[in-house]
Every structure is written in structure tokens, then in C-alpha cells.
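When reading the values below, keep in mind they use all heavy atoms of this one structure, side chains included, and skip hydrogens, waters and symmetry mates. Keep in mind that what you see is a predicted model, and the values were worked out from it rather than measured. So you know, we letter chains A, B, ... as the sequences are listed, proteins then strands, and number each from 1.
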Amino acid sequence: MYLLEHDAKYLLAANGVAVPAGCLMESAESIPSDLPSGPWVIKAQVSAGGRGKAGLIKRASRREDIAGLTRGMWGATLKGRAVHSLRIEQQVSEASEAYVALLLEGAEGAVRIIMAAEGGMDIETLPADKIRSCVVRAELGALQSAVRELAASWNGPRGNALREAGEQLARVFLEREAMLVEVNPLFVRKDGSWVAGDAKLVTDDNAIERQPEIKALLERRKSAYPEAHVKLEHGFDYVVVDPDGEIGLLTTGAGLSMMLIDELRQQGLKPYNFLDIRTGGMRGDPARLVSVMQWLAEGRHIKVVLINVFAGITELGEFSKLLVTALDRVPELHVPVVARLVGNGLSAARVVLERAGIPLHTDLDGAVREVKAALERARPAS
Amino acid sequence: MIDPRIDRSTPVIVQGMTGRAGQLHTRLMREYGTNIVGGVSRRMETREVNGVPVFATCHAAVQATGARTSIAFVGAFQLLEAMQEAIGAGVRYMVTPTEGVPVHDAMKALELTRNAGVTWIGGSTPGMAVPGAAKLGFLPNDALRSGPLGLMSKSGTLSYEAGYRLAQRGVGQSVWVGVGGDPVKGVRYADLIPFYASDEQTRALLIIGEIGGHEEEEFAVAIEAQRFAKPVFALIAGSSAPEGVTMGHAGALVHGTHGSFASKRAALSAAGVEVFSTLEDMERTVADVCKNRGFV
């Protein structure tokens with residue numbers, strides 16, 4: 001889960017890392033009562049880089065300017081993600097900038113530590129000789145000694161700040177089971193004190209059940225993390241990829257579902273969602289199917305639902321019965337349904353679906369052709 | 001060299017054999033031809049399941065059966081401990097289908113398997129198969145067919161679809177390895193290049209990848225460095241996925257240009273790999289090449 005900056009800073013602060021005083025503004029009408037003293041920097045909360053260039057970070061010195069300055073930020077999108085909240089925090093003055101990050105190095109099964117004595121910009125744009133980096137095993141002593149070694153590349157306040165911040169972030173990385181923690185810029189004052197100017201924290205969804213602090217955050221901020229929340233609550237993955245999408249997908253398997261979205265888009269079609277429902281986890285209960293159909297029914301432009309299940313183990317006759325039961329329970333989803341099934345129990349599935357009037361295909365291309373035909377029929381005659 | 005090949009005589013133990021998934025897949029693997037010689041169950045509520053003896057510990061199972069290969073059907077938070085136990089007992093080849101393994105556990109598991117010289121496939125893998133001989137895991141029989149194509153995949157379902165389509169066109173697989181979609185895991189694409197290079201049955205190689213991580217790029221570098229001489233194809237999913245959203249697999253997460261479809265396509269193409277973004281293109285080209293070059 002890629003945390004919004006405000007939540008990342010909340011977690012970092014709770015784990016002893018210094019961050020500027022700040023508050024979360026969640027509606028254009030009201031300035032939070034916990035607004036710290038100014039001047040302020042106002043930052044759109046969106047899980048994507050490049051906010052500065054997109055005009056989503058602003059500065060204010062008078063309280064009465066905040067509403068006007070922020071007007072254009074609400075609902076703005078960056079890389080497809082909409083802004084629903086703003087963080088207003090105290091500006092940090094008279095500080096130099098540095099960079100520190102720890103991230104998962106997948107191939108090594110280890111952690112990469114990166115430091116630079118410049119900050120604020122994309123680390124990938126810095127020349128290689130400005131950056132110090134190493135890969136270390138994920139163990140506190142090893143990480144902290146590597147941090148000390150890297151930070152020793154710089155003298156004075158910067159070196160001290162990078163060492164202190166790096167040691168603290170290493171502890172957070174391990175204790176909170178992070179996949180990435182990046183502070184850019186790290187503001188460093190002349191006296192060597194420092195504060196995290198920005199914070200990017202990606203946590204491991206798979207560890208959330210044993211990370212009560214992160215789980216509590218997610219439960220408190222459900223609407224900010226709809227995908228992670230679905231996974232926690234329901235045990236499977238669902239992502240709306242295009243709110244204007246026309247094709248609801250009822251699919252299992254992450255890779256095949258992603259591929260199907262790619263292929264539909266390449267053909268000029270508009271899929272609404274990604275779904276890996278994990279048929280193996282349904283265990284004879286239509287609840288997952290009912291939930292998904294209710295969510296699909298929220299898509300205002302959905303004109304057809306495509307079911308695609310390549311079953312390694314799932315009994316398709318059983319699956320089809322659950323499917324028909326779920327469709328009956330969600331009458332608000334009143335669009336044509338096209339099914340493509342492969343695997344055990346296909347002939348039983350054929351009987352069940354035929355009775356329900358759902359066309360069944362075994363090849364995916366045939367099913368997609370039927371989806372196209374359904375879309376054509378749904379278009380108003382012009 | 002990591003050699004994932006098994007055959008009908010390779011003795012295998014199943015950790016977590018008396019659980020729901022363990023029982024089901026033990027039966028299906030045996031029906032396919034896998035030589036399951038024992039199971040491990042902490043609770044020991046039964047001494048055998050369908051004639052397969054059940055042991056309380058991996059140590060006892062390994063001692064009694066001589067097996068050095070294990071497949072574990074255990075929960076995500078229990079996997080690390082199950083692997084420690086198996087490796088301590090002398091297991092040298094592990095397949096772990098478990099989904100949702102915490103990354104920090106996977107880092108510890110990887111360090112453990114590397115230090116012990118253990119071949120580890122997983123987590124989040126449907127397993128591996130030598131079609132016509134034996135399988136570890138649950139790759140669907142509909143998609144398995146013995147043939148010339150080495151197949152590696154991060155995604156289970158997408159590989160089923162690809163394997164099934166190619167099998168219908170007469171192109172089967174030599175050794176199929178689901179490397180899994182987790183960011184930290186055991187065997188990665190690049191690790192098996194020496195094996196597929198030396199494996200005589202393998203005449204061509206197909207990798208099924210997806211956005212996120214660097215594994216396809218690592219593979220591209222290794223293919224070139226090792227002068228892999230057989231035709232290589234790649235199908236990559238996720239070209240239209242939004243940045244910063246986990247699409248099912250924990251590893252399938254794009255940050256900036258890192259792990260993007262474009263980055264993977266560029267790296268693979270530069271290494272001479274033919275890259276596809278649709279199943280149909282992949283299926284047609286791979287089948288044509290295999291037929292024209294007399295592989296099938």
C-alpha cells in the first residue's frame with residue numbers, strides 16, 4: 001500500500017521520526033482546527049510522484065489565502081489518481097536539502113540504502129557521483145552500520161542528519177515491514193537538526209494482519225485506500241481502472257485479468273475494473289460474487305459483464321450455480337452477461353448457464369466478440 | 001546449476017498434507033504421476049491419507065522416506081517456519097504455492113535457501129510440471145502437454161491460458177515453472193537460463209511476465225550475457241495498469257518508469273526476445289516458429 005504523504009508522516013512520527021507540524025484538510029469548506037502556525041506549504045494528497053510540476057504544491061503565508069489557493073486542487077488528478085485531501089504543514093526555512101531512502105531489492109532479497117546530499121528532485125535525475133548506495137541484508141545491525149558508513153561520505157550537519165535519519169528509517173523499515181521508505185527532501189538545519197520534508201512509504205499488504213498500527217490506519221482511512229481495504233475486508237483484489245468503463249469484469253487470476261484489460265483496451269473497448277476474485281476462496285458461498293456484482297452495478301456506464309474463469313481446480317458446475325444465485329440477488333445489475341469458462345465440470349456449467357440464458361464460450365476471443373455485439377446493441381440508434 | 005526437473009520416481013513429501021488444500025492436491029498430484037511418499041502434519045490426527053504415511057515432523061518424514069523434495073501447503077504466516085524445518089531436515093528442493101507471504105519473511109527465506117543451496121520455487125506459485133511425467137503443485141492438466149517449449153511464468157492463470165492455447169495448437173512444454181508473482185521469491189527467470197540452455201528437450205523458451213519489479217530486465221541481461229541460443233519469446237501483462245496500484249500480485253506495482261511495460265519491452269527486445277502484448281499474437285508466432293523449425 002502506497003501511503004499518502006500525510007499518513008506516511010503520521011506513521012513516521014509515531015515511530016520517532018521528526019516531521020513538520022501539519023494537518024489534513026478533507027473538504028474545501030473547512031480549515032482544520034489543528035492548523036499549525038504558518039507560513040504553510042499546502043500539498044495535494046495523491047499517491048503519485050510529480051506533484052510539484054503539476055501545480056499541486058502551494059505556499060501560503062496568510063490563513064485567509066488558503067481557501068483561494070486550494071480551490072483548483074480539489075478533484076485534480078495526477079496519473080489517474082484524484083485529489084480528495086490536502087496536507088497543510090509548516091514551512092521549513094533556512095534548511096539545506098538531502099535525500100535518504102531504503103527500498104526492497106527484490107533480486108537480492110535485501111535492502112538498498114540510498115543517500116544523496118541534494119534533495120527535492122527525482123533521485124534518478126541526480127548525477128551518479130552525488131549518490132551513495134549499497135545493498136544490505138534486512139537486519140537492523142547490518143542496516144544501521146551501512147547507514148553510518150554511507151553518511152560518513154559527508155562532513156558537518158548533512159552527514160550527521162543523514163546518519164540519524166537513516167538509522168531511524170532503517171528501524172521503521174524493519175519494524176513496520178516496509179517495501180519502500182523515502183524522505184526527499186530531508187531538510188537539514190545549520191545546527192544539524194533535521195525534519196522529513198516529504199515522505200513516501202510503501203507498506204506490505206501481506207503483512208497487515210500483524211501490523212496493528214497500519215491496519216488501524218487503513219480502517220480509519222478506508223476511502224483513501226479502497227483497493228487495500230477491499231483486500232483486507234474481502235480477501236481478494238478489486239480495482240476500478242476506468243470509472244467510465246463499459247465492461248464489468250468478473251475474473252480470477254491477477255495475470256490473466258491484467259492481460260484481459262490490456263487486450264480489451266487495445267481493441268478500443270473500455271473495461272471498468274480489475275478483479276482477481278480467487279474462486280478457490282469462495283468455498284460454496286456466493287458472497288464474493290454478490291459483492292463484486294454490487295460494485296459493478298455502481299459503474300454508471302457498464303453495459304455488459306464478461307466472466308472469465310480458467311479453472312485449475314474450481315468445479316465449474318458449482319461455480320455456475322453460485323453465479324446464477326448471485327445474479328438473482330443483485331437485480332440492480334441488469335446488463336447482459338457473457339461467460340467464458342475452461343476447466344473441470346464444464347458440461348454441468350453449460351446446463352446451469354443455458355437455463356439462466358447466459359451464453360457460454362470456451363475460447364476467450366469468441367467471448368470478446370459476443371461482448372462487442374452486446375455493446376453494439378446497447379448503443380442508442382443514431 | 002539449478003535443475004528443476006523431476007520425474008515419476010522423484011520422491012516427494014507434502015508439508016501440511018492433512019489440511020484441505022494439502023489433501024486435495026496430494027490426490028491430484030498422485031493422479032498425475034507424482035511419487036508422493038509422505039506427508040507432514042503437526043497435529044498428527046491421522047497416520048496416513050489414502051495410503052501415504054503422515055509424519056509429525058519433516059525430520060521424521062525425510063528419515064523414513066529419503067525424500068529431498070517437498071511441497072508445502074501452509075498459511076502465509078507459517079511458511080517461513082515450515083521452510084526452516086524442511087531445510088533443517090535435509091530437503092533440497094522446495095515448492096511453496098502459498099499466496100500472501102509477507103515480503104520480510106520472504107527475504108529471510110531467500111537468505112536461508114541460498115545459504116543452504118536449496119532450490120526454492122515460490123511463493124504465490126501454481127508450482128511446476130514436467131508434462132507427461134509429474135508435477136509439484138496444481139498446474140491444470142488441460143494446459144499440460146509434453147513438448148519442446150520451456151515455460152516460466154509469474155502469473156498462474158495467464159500461463160494456464162497461454163499453455164492451453166499452445167497445447168491446442170500442438171506445442172507442448174518441456175519443463176514448466178511458475179516462478180510466482182511475489183517481489184521476493186525463490187527461483188527467478190534468469191536463474192533457470194543455464195538449465196534451459198542445457199536441457200535437450202527444450203528447443204525454445206517462453207516467459208510470461210507482468211509489470212512491476214525488474215525480473216524481466218534481469219532476464220534480458222542474462223540471456224545476452226550467456227548467449228542463450230534458442231528462440232525466446234515473452235508475453236507481458238499490465239501495459240494499461242495505473243501507477244502505484246497493486247494489481248493482485250504484490251510484485252505488480254509500478255513506480256514511475258521503474259517496472260513499467262515500456263521498460264520491460266525495451267530490455268527484452270534489445271536482447272533479441274520477441275515480445276507480445278496479446279495472447280493471440282504470442283500464440284500464433286510461437287506455434288509458427290515451433291512448426292517451421294521442426295520443434296513439433
Next item on the list: Carefully, step by step, assess A:Leu364 and B:Glu280 under the rule side-chain contact (heavy atoms from CB on, under 4.5 Å).
Entry: CA-CA 10 Å; A:Leu364 187 53; B:Glu280 205 181 344; over 6 Å; no
Next item on the list: Find out whether A:Asp262 and B:Thr278 are in side-chain contact, i.e. whether some heavy atom of one side chain is under 4.5 Å from a heavy atom of the other.
Entry: no
Notebook entry, point to check: In Å and rounded to the nearest 0.5 Å, what is the CG to CG distance from B:Asp182 to A:Asn206?
Noted result: 6.5 Å
Note to self: Is B:Leu235 close to chain A through its backbone or its side chain, or both, or neither, when contacts mean heavy atoms under 4.5 Å?
What the structure shows: side chain
Check: Which bit of A:Ala138 comes within less than 4.5 Å of chain B, counting heavy atoms only: side chain, backbone, both or neither?
Finding: side chain
Notebook entry, point to check: So do A:Glu177 and B:Val103 actually touch side chain to side chain, heavy atoms under 4.5 Å?
Noted result: no
Check: Roughly how far, to the nearest 0.5 Å, is the CD1 atom of B:Ile211 from the CE atom of A:Met258?
Finding: 5.0 Å
Note to self: At a heavy-atom distance under 4.5 Å, which candidate from A:Gly50, A:Ala178, A:Ala107 has the highest pair count against chain B?
What the structure shows: A:Ala107
Next item on the list: Report yes if some heavy atom in the side chain of A:Glu139 is under 4.5 Å from a heavy atom in the side chain of B:Lys108; otherwise report no.
Entry: no
Next item on the list: Against chain B, label A:Arg137 side chain, backbone, both or neither, depending on which of its atoms sit under 4.5 Å from a heavy atom there.
Entry: side chain
Note to self: With chain A as the partner, which of B:Pro140, B:Pro102, B:Ala190 has the greatest number of non-hydrogen pairs under 4.5 Å?
What the structure shows: B:Pro102
Check: Using the ring of each side chain (for Trp, its six-membered ring), is B:His104 parallel, tilted or perpendicular to A:Phe173, with breaks at 30° and 60°?
Finding: tilted
Check: Relative to chain B, which of A:Glu105, A:Glu108, A:Glu209, A:Met259 shows the most heavy atom pairs under 4.5 Å?
Finding: A:Met259
Checklist line | Part of A:Arg283 lying under 4.5 Å from any heavy atom of chain B | finding: side chain
Item checked: Among the listed options B:Lys185, B:His25, B:Arg165, the residue most often paired with chain A at heavy-atom distances under 4.5 Å -> B:Arg165
Notebook entry, point to check: Between A:Gly255 and B:Ala237, which heavy-atom pair has the shortest distance, and what is it?
Noted result: O-CB, 3.8 Å
Check: Could B:Glu161 and A:Arg340 be called an ion pair, given the rule that one side-chain N must be under 4.0 Å from one carboxylate O?
Finding: yes
Margin query: Measuring from atom CG of B:Asp142 to atom CZ of A:Phe310, what distance do you get when rounded to the nearest 0.5 angstrom?
Written below: 5.5 Å
Next item on the list: Sort B:Ile208 into side chain, backbone, both or neither according to what part of it lies under 4.5 angstrom from a heavy atom of chain A.
Entry: neither
Item checked: A:Leu256 side, atom CG; B:Thr157 side, atom OG1 - distance, nearest 0.5 Å -> 4.5 Å
Margin query: So A:Arg265 and B:Ser239, do their side chains get closer than 4.5 Å, heavy atoms only?
Written below: no
Item checked: Residue A:Gln266 versus chain B: region with a heavy atom under 4.5 Å -> side chain
Notebook entry, point to check: In Å, rounded to the nearest 0.5 Å, how long is the span from CD of B:Glu283 to CG of A:Asp365?
Noted result: 7.0 Å
Next item on the list: Take A:Arg278 and B:Glu99, measure what side-chain contact (heavy atoms from CB on, under 4.5 Å) needs, and give me the verdict at the end.
Entry: CA-CA 11 Å; A:Arg278 306 213 173 96; B:Glu99 287 193 333; 3.2 Å; yes
Next item on the list: Heavy-atom distances under 4.5 Å only: say whether A:Leu174 touches chain B with side chain, backbone, both or neither.
Entry: both
Check: Is there side-chain contact between B:Pro183 and A:Leu104, with heavy atoms separated by less than 4.5 Å?
Finding: yes
Next item on the list: Look up atom OG1 in A:Thr252 and atom OH in B:Tyr160, then write down how far apart they are to the nearest 0.5 Å.
Entry: 9.0 Å
Next item on the list: Please check if atom CD in B:Gln168 has more than 12 non-hydrogen atoms from other residues, nucleotides or ligands closer than 6.0 Å.
Entry: yes
Item checked: Region of B:Leu110 in contact with chain A, defined by heavy-atom distances below 4.5 Å -> side chain
Checklist line | Segment of A:Ala228 engaging chain B (4.5 angstrom heavy-atom cut-off) | finding: neither
